Amino acid sequence: MNFKIAVIKGDGIGPEIVDEAIKVLNKVGEKYYHNFEFTELLAGGIAIDKTGHNLPEETLEACKKSNAVILGAVGGPKWDSLPGNDRPEKALLGLRKELNLYSNIRPAMMFDVLKDACPLKPELVKGGLDIVIVRELTGGIYFGKKFTKNDYACDYMEYSKYEIERIAHQAFKIAEARNKHVTSVDKANVLETSRLWRKTVAEVSKSYPNVKLDNLYVDNAAMQLVINPKQFDVIVTENMFGDILSDEASMITGSIGMLPSASLGDNNFGMYEPIHGSAPDIAGQGKANPIATILSIAMMLKYTLSLHKEAESIENAVKRALEQGARTADIRKYEEKIITTEEMGNIIAGNIE
Ligand code: IPM
Ligand code: MG
């Protein structure tokens, strides 16, 4: 089959890691007879430098005409002094909003061979960790009315029932295919939006009688993640809580450089990117770990293109590379030889079966 993929490499380590991901995807195409047609587009700091805008109209239009979008990372110190709306990060928010990517799926799984990197006591994560965070991505305080007037600033947090319903359905559907447990996280003891959230999630849960629903306040959830992470299967939460909890969850797996994400809209359209940022301090040096981006490609094959065998071939190729001892600096623990971004990509591409 033929697929059109929009590619936004972005800033910092973005270009290096995306190149390796594309290498792996092309290998999958070769082995399974698919053709991936790539369109390279600008967004973030590099777009500011080249066009004066963080998210050029042309980028948005080309994304809309594609089957899926692959994104590296945006941002860096060079653009840190720009006002909020002009920053590279705003391009990411614009892509999410304009492409209606309301559902952000962030798996936090522990790789068996890397389990020593987990900062928690081994008995807390015995048998591994496998949590999926489903974060609402186009609402809440990120997108409410905001302004600053002299010594006053405000950010409105808003949610409609419809926005909560669609993300709740997504979470329950994912849980149905897993361990059938959804934990909804809110702050319903304080926030009106959270009270609507809790009520709406309870209503949606009635359509999924096989899935157990629990509710936790966000402060408690943050604590539970470090004292008893194995109680979680799928966590569903609003935009900002999801931002914070997904960093926490990814770090307890010990491998933030390894974790992928999908941002989905309707009709399986999606944007795929690693959870980590643009890491400007190591950009261009071949030190970055491309695995999070490569695994994001596997998510793209699964969620948008429905190529499940192909997705599995990538996951297996990554697992095998790790078992073979392939280590970029971020995941090296013992005296393993440190390899470059490109070498990691080559090993994983070579493992595609
Ligand atoms: C993330 C990031 C973004 C967010 C930033 C870069 C705007 O932290 O994807 O988690 O807050 O959503
Ligand atoms: Mg974040």
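First listed ligand is number 1; within each ligand, the first listed atom is number 1. Everything numeric in this text was worked out from a predicted model, so none of it was measured.
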Could you confirm whether D243 has any N/O/S atom lying under 2.8 Å from the Mg ion (ligand 2)? yes
Are E312 and K319 ion-paired here, with the side-chain N under 4.0 Å from a carboxylate O? no
Identity and separation of the nearest protein heavy atom to atom 11 (O) of ligand 1: Y142 OH, 2.5 Å
Is the closest basic N to carboxylate O distance between K212 and D214 below 4.0 Å? yes
Are any non-hydrogen side-chain atoms of L99 and F269 less than 4.5 angstrom apart? yes
What pair of heavy atoms forms the shortest contact from L101 to G265, and how long is it? CD2-N, 3.7 Å
Can you check atom 6 (C) of ligand 1: any protein non-hydrogen atom closer than 4.0 Å? yes
side-chain hydrogen bond (donor to acceptor under 3.5 Å, both in side chains) between S278 and D11, worked out: CA-CA 6 Å; S278 61; D11 308 317; over 6 Å; no
Close approach of R87 to ligand 1, heavy atoms, under 4.0 angstrom: no
Measure from NZ or CZ of K309 to the centre of the six-membered ring of Y32 and say whether it is under 6.0 Å with the direction within 45° of the ring axis. no
Checking heavy-atom distances from atom 9 (O) of ligand 1 to each of M240, H276, E273, R96, the winner is R96
Which of the atoms of ligand 1 are close to E89, meaning less than 4.0 Å from one of its heavy atoms? 6 (C)
Can you tell me if R106 contacts ligand 1 (heavy atom of the residue under 4.0 Å from the ligand)? yes
